[in-house]
Amino acid sequence: MNRHLLLLVILIRMYICTAQTHMLIPYRESDLWGFADRSMRVVIPPQYDLVQPFYDHLAAVKKDGKMGYIDTSGNAAVPLIYDRAGNFVNGFALVESSKKWGILNKRGEEITPLKYDGIGQFYEDMAIIVLKNKWGYIDKFGREVVPPIYDEASRFSNGLAAVAKNEKWGFINAKGEEVIPLQYEIVADFNEGLAAARQDGRWGFIDLKGRVVVPFKYSGVSTFSEGLAAARYNGKVGFITRTGAHAVPFKYDGANSFSEGKAVVQIDQLFGFINTKGKLITPLKYQVAFDFSEGRAIVVLGTPALLDESGEETPLYFDRVRNFKEGLAAVEKNGLWGYINKEGDLVIPLKYAEADNFLEGIAVVNHKGKYGYIDKQGREFFKD
């Protein structure tokens with residue numbers, strides 16, 4: 001587990017944005033961006049070099065190399081003075097100037113000075129801060145609740161956050177108190193009330209009070225999902241319950257976490273699916289199998305196919321297929337992407353160089369080297 005991946009939450013995806021519930025959609029004409037409503041009527045004329053979707057009724061925009069925020073009427077809400085600006089979430093946004101990060105409220109006030117090398121997103125009203133390669137936390141008011149004294153840190157979950165010092169991991173609470181001693185070689189975030197931890201090279205699970213509830217005897221584990229966790233013992237993989245009981249025999253070479261009541265399992269180089277009772281619901285025959293999503297899974301047996309919950313396969317004549325989101329899945333053939341529905345029908349043509357998942361009815365695509373948005377009817381919110 002690479003804890004430095006946590007820094008990804010600090011980076012703002014400036015060119016491919018995902019949308020949340022909002023009435024206005026980023027609209028591009030040539031190289032300039034504005035906003036249109038869902039009927040494709042332009043509401044804010046294209047005039048910006050870059051825009052992000054509206055969050056909390058404000059949208060980050062970029063012009064002449066600087067970023068700020070506008071409201072849904074197109075009026076300036078925060079001056080364009082920042083090098084980078086993130087989306088507003090629960091009334092706060094991350095901003096950066098001269099490689100230093102801070103936090104704004106919706107009035108444009110810097111509640112946290114732009115002094116940090118990095119700031120993470122808020123989880124449970126706490127955000128990671130990084131200063132001179134040390135990690136700490138601020139609260140939603142911008143107060144430095146936990147000074148940057150740790151070598152690494154994770155987000156808050158179930159009221160606790162994993163922190164490390166001198167290559168030992170433990171957990172602190174929102175007051176900065178070390179409630180589970182820094183004694184483990186590595187830990188994962190709490191999920192379903194339990195956290196995976198490694199001690200003397202072996203993995204087990206601890207609860208929110210630091211009590212060992214699953215002994216340290218496994219060579220690898222996943223986090224808990226749907227009440228079960230994959231674990232490796234004596235070279236084979238099975239599933240355990242929250243008490244450490246063996247729910248699925250240890251006979252597989254590999255396994256994914258449960259999703260929608262099913263998990264991918266592997267023996268040799270062949271994959272199939274089991275249910276939470278450990279019963280095989282498909283033969284182990286696939287060269288590739290992805291997790292179920294919205295009642296469908298992508299499998300490969302020579303060529304890709306859609307697998308439904310009854311085990312019925314629908315052949316797909318594409319080179320690549322992604323999981324379903326909001327009833328559609330991105331597919332690719334000969335370098336071009338489009339979208340299929342759950343019956344496998346192509347409902348948005350193969351014409352894009354890239355295609356992202358749908359979120360709140362819209363998706364980002366790359367058309368002729370430029371990004372833009374489409375809706376689920378395939379209408380394009382851009383004009384080249």
Side-chain angles (χ1 to χ4, degrees), residues 13 15-30 33 35-42 53 256 259-262 264 270-273 281-283 285-384:
R13 293 183 70 188
Y15 297 101
I16 306 179
C17 312
T18 54
Q20 286 189 346
T21 302
H22 50 270
M23 296 305 296
L24 297 182
I25 298 172
Y27 173 80
R28 178 177 58 78
E29 283 189 8
S30 188
W33 288 82
F35 288 88
D37 62 22
R38 289 184 180 263
S39 66
M40 299 188 68
R41 179 178 64 90
V42 175
N256 290 358
S259 172
E260 299 186 7
K262 294 164 280 292
V264 178
L270 297 179
F271 299 83
F273 292 87
I281 57 175
T282 69
K285 65 176 183 177
Y286 301 109
Q287 286 95 32
V288 178
F290 294 97
D291 295 331
F292 267 83
S293 175
E294 299 186 4
R296 297 288 189 275
I298 307 301
V299 293
V300 177
L301 181 57
T303 57
L306 275 184
L307 187 73
D308 66 19
E309 293 184 304
S310 69
E312 184 177 348
E313 298 172 16
T314 301
L316 296 173
Y317 304 99
F318 304 103
D319 299 327
R320 285 190 288 173
V321 184
R322 292 194 182 132
N323 274 346
F324 281 88
K325 298 293 181 184
E326 299 189 2
L328 298 180
V331 295
E332 179 264 340
K333 189 173 182 65
N334 297 326
L336 294 177
W337 288 84
Y339 294 85
I340 60 172
N341 61 20
K342 289 188 177 182
E343 286 68 49
D345 303 320
L346 188 67
V347 293
I348 296 178
L350 300 165
K351 59 185 293 189
Y352 301 109
E354 298 176 59
D356 208 350
N357 291 327
F358 274 90
L359 184 59
E360 298 295 344
I362 57 176
V364 177
V365 295
N366 182 327
H367 186 248
K368 297 180 179 179
K370 297 179 181 179
Y371 292 101
Y373 285 82
I374 63 172
D375 65 15
K376 294 168 80 170
Q377 288 70 49
R379 294 183 298 183
E380 297 175 340
F381 287 78
F382 54 86
K383 187 182 298 183
D384 291 317

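Residues take their numbers from the sequence shown, with the count starting at 1.
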S.K.: For Arg38, is there any backbone N or O sitting under 3.5 Å from a side-chain donor or acceptor partner on Arg379?
M.R.: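 Yes, Arg379 side chain to Arg38 backbone: donor-acceptor pair under 3.5 Å.
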S.K.: Verify the neighbour count for atom NZ of Lys325: are there more than 12 heavy atoms of other residues, nucleotides or ligands below 6.0 Å?
M.R.: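 Not more than 12 within 6.0 Å, no.
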S.K.: For residues Phe324 and Ile340, determine if any side-chain heavy atom of one lies less than 4.5 Å from a side-chain heavy atom of the other.
M.R.: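 SC-SC contact between Phe324 and Ile340 confirmed.
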S.K.: Roughly how far apart are His367 NE2 and Phe382 CZ, rounded to 0.5 Å?
M.R.: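 One gets 5.5 Å once the value is rounded to the nearest 0.5 Å.
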S.K.: If you define the side chain from C-beta out and look only at heavy atoms, does anything of Arg322 sit under 4.5 Å from Phe290?
M.R.: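 Answer no - side chains too far apart.
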S.K.: Are more than 12 heavy atoms from other residues, nucleotides or ligands located less than 6.0 Å from atom NZ of Lys383?
M.R.: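 No.
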S.K.: Rounded to the nearest 0.5 Å, what's the gap from NZ on Lys368 to OH on Tyr352? Could you check?
M.R.: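 Here the interatomic distance stands at 11.0 Å.
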S.K.: Do Lys376 side-chain atoms and Gly327 backbone N/O form a donor-acceptor pair below 3.5 Å?
M.R.: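 A pair under 3.5 Å: no.
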S.K.: Does the Asp37 side chain pair with the main chain of Ser39, one donor and one acceptor, at a distance under 3.5 Å?
M.R.: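 Here the side-chain-to-backbone pair exists.
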S.K.: Is there a side-chain contact between Pro304 and Arg320, using heavy atoms and a 4.5 Å cut-off?
M.R.: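 When only atoms from C-beta onward are counted, Arg320 and Pro304 do not touch, as no gap falls below 4.5 Å.
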S.K.: In chain order, what residues pass the ring pair (Phe, Tyr, Trp, His ring centres under 6.0 Å) check against Phe358, with sequence neighbours excluded?
M.R.: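 Phe358 satisfies ring pair (Phe, Tyr, Trp, His ring centres under 6.0 Å) with Tyr339 once adjacent residues are dropped.
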S.K.: List for me each residue that meets ring pair (Phe, Tyr, Trp, His ring centres under 6.0 Å) alongside Tyr27, sequence neighbours excluded, and say none if there are none.
M.R.: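 With neighbours one apart ignored, the set is empty.
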S.K.: So Trp33 and Tyr373, would you call those rings parallel, tilted or perpendicular, with 30° and 60° as cut-offs?
M.R.: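 Trp33 and Tyr373: perpendicular rings.
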S.K.: As a quick check of understanding, evaluate side-chain contact (heavy atoms from CB on, under 4.5 Å) for Arg296 and Leu307, giving each step before the final call.
M.R.: CA-CA 6 Å; Arg296 297 288 189 275; Leu307 187 73; over 6 Å; no
S.K.: Would Leu316 and Val331 count as a side-chain contact (heavy atoms from CB on, under 4.5 Å) here? Give the steps.
M.R.: CA-CA 9 Å; Leu316 296 173; Val331 295; 5.6 Å; no
S.K.: Does Leu306 reach the side chain of Ile298, with side-chain heavy atoms less than 4.5 Å apart?
M.R.: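 Yes, close enough: below the 4.5 Å cut-off.
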S.K.: Take Lys262 and Asp291 through the salt bridge (charged side-chain N to carboxylate O under 4.0 Å, His left out) test and state the conclusion after the steps.
M.R.: CA-CA 8 Å; Lys262 294 164 280 292; Asp291 295 331; over 6 Å; no
S.K.: Between CD of Gln377 and CE of Met40, what distance do you get to the nearest 0.5 Å?
M.R.: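 Spacing of CD (Gln377) from CE (Met40) equals 11.0 Å.
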S.K.: Ignoring hydrogens and angles, tell me if any N or O in the side chain of Glu326 forms a donor-acceptor pair with the backbone of Gly361 under 3.5 Å.
M.R.: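 It does hold such a pair.
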S.K.: Sequence neighbours left out, what pairs pass ring-ring contact (aromatic ring centres under 6.0 Å, His included) with at least one residue falling in residues 291-313?
M.R.: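 Every ring-ring contact (aromatic ring centres under 6.0 Å, His included) pair that includes a residue of residues 291-313, provided the two are not neighbours, is Phe273-Phe292.
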S.K.: Compare all side-chain heavy atoms of Leu350 with those of Glu332 and state whether any distance is below 4.5 angstrom.
M.R.: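 No, side chains not in contact.
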S.K.: Does Asp319 reach the main-chain N or O of Gly335 with its side chain, forming a donor-acceptor pair under 3.5 Å?
M.R.: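 Checked: no pair found.
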S.K.: Go through Asp356 and Tyr371 one step at a time and tell me if the side-chain contact (heavy atoms from CB on, under 4.5 Å) criterion holds.
M.R.: CA-CA 11 Å; Asp356 208 350; Tyr371 292 101; over 6 Å; no
S.K.: Out of the candidates Val365, Asp375, Ile374, only one should pair with Phe381 under the side-chain contact (heavy atoms from CB on, under 4.5 Å) rule; please name it.
M.R.: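 Only one of Val365, Asp375, Ile374 forms a side-chain contact (heavy atoms from CB on, under 4.5 Å) with Phe381, namely Asp375.
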S.K.: Taking the side chain as C-beta and beyond, is there a heavy-atom pair between Leu301 and Gln287 under 4.5 Å?
M.R.: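 In contact.
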S.K.: Minimum heavy-atom separation for Ala355 and Ala330, please, with both atom names.
M.R.: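 So the two residues come closest at O-CB, 4.1 Å.
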S.K.: Which is it for Leu346 and Phe318 under the side-chain contact (heavy atoms from CB on, under 4.5 Å) test, yes or no, and what are the steps along the way?
M.R.: CA-CA 10 Å; Leu346 188 67; Phe318 304 103; 4.2 Å; yes
